[in-house]
Amino acid sequence: MKDTEKIGHSLERICMLFRNEIRLAGLEYGLQPVHLEVLFYLSRASNENNKPANVTEFLGITKGSASQSISLLAEKKLLIKRNDEYDRRIVHLELTLEGMSLARIAIPPKTIRQALENSQENQGEILQEQLEELLCGIQKQVTNNKQLIKNKA
C-alpha cells in the first residue's frame with residue numbers, strides 16, 4: 001500500500017472519530033453536529049464573516065439548514081442575532097458566553113484534545129505545519145476543480 005493510501009486511511013479514521021465525538025458531545029446539549037460546527041465557526045469568525053451567508057458558505061450547507069440551525073441556537077441562547085449598526089438589513093451572529101464555552105469544549109473533542117496534549121513536545125508543532133500544508137494543497141485543488149467545472153459550463 002502506498003503512503004498516500006495509508007495516510008488516506010488514517011485521515012478517514014480520524015475524521016470518523018472526530019465526527020462521532022462531536023455527535024456525542026452535541027447529544028448532551030440536544031444539538032446535532034452541524035449545530036456545533038456553526039458554533040465553532042462563529043467562535044473564530046470576525047465581525048465581517050459572522051453573517052448567516054458566511055456560515056452557509058463555510059460549512060457547505062443549504063440556506064435552509066443554516067437558518068434552522070441558527071434559529072435553534074438562538075432559541076437555546078447559544079447565539080444572538082444583531083442587526084448591523086450601519087445597515088439594518090445585515091444580521092450579525094454573536095455567540096453568547098455559553099455558546100462560546102460550548103464551542104471551546106466540544107471542538108476539538110476531548111479524546112483528540114487529550115491525544116494531542118499527550119504527544120511529544122514538538123510533535124504538535126510539526127503536525128500543525130503538516131496539516132496546514134495539506135489543507136492548503138486541498139484548497140488549491142478544490143479551487144482548480146471548481147475553475148475546470150466553470151470553464152466546461
How about Leu135: does its CG atom have over 12 heavy atoms from other parts shown lying under 6.0 Å from it? yes
Heavy atoms of Val91 and Lys81 approach each other most closely as CG1-CB, 3.9 Å
Leu78 versus Leu31: any side-chain heavy-atom pair under 4.5 Å? yes
For the CD atom on Glu94, are there more than 12 heavy atoms of other groups (residues, nucleotides or ligands in this structure) within a distance under 6.0 Å? yes
Donor-acceptor contact below 3.5 Å, side chain Asn20 vs main chain Met16: no
Evaluate side-chain contact (heavy atoms from CB on, under 4.5 Å) for Ile138 paired with Gln141, printing each intermediate quantity in order. CA-CA 5 Å; Ile138 292 169; Gln141 196 62 42; 5.7 Å; no
Mark yes when over 12 heavy atoms from residues, nucleotides or ligands other than Arg19 sit less than 6.0 Å from its CZ; otherwise mark no. no
Would you check if the side chain of Ser69 reaches a backbone N or O of Ser65 as a donor-acceptor pair within less than 3.5 Å? yes
Can you give me the closest heavy-atom contact between Leu93 and Pro52, atom names plus distance? CD1-N, 3.9 Å
Between Arg82 and Asn50, is any side-chain donor less than 3.5 angstrom from a side-chain acceptor? no
Check whether any side-chain N or O of Lys77 sits under 3.5 Å from a backbone N or O of Ala74 as a donor-acceptor pair, and report yes or no. no
Just list the side-chain donor-acceptor pairs under 3.5 Å for residues 122-130, sequence neighbours left out, or say none.
{"from": "Gln123", "atom 1": "OE1", "to": "Gln120", "atom 2": "N", "distance (Å)": "3.2"}
{"from": "Gln128", "atom 1": "NE2", "to": "Glu132", "atom 2": "OE2", "distance (Å)": "2.4"}

Could you tell me which non-hydrogen atom of Glu37 sits nearest to which non-hydrogen atom of Leu59, and how far apart they are? CB-CD2, 3.9 Å
Is it true that a side-chain atom of His35 and a backbone atom of Gln32 form a donor plus acceptor pair closer than 3.5 Å? yes
May I ask you to check if Arg44 and Tyr41 form a cation-pi contact, with NZ or CZ under 6.0 angstrom from the six-membered ring centre and within 45° of the axis? no
Under a 4.5 Å cut-off applied to non-hydrogen side-chain atoms, are Thr4 and Ile7 in contact? no
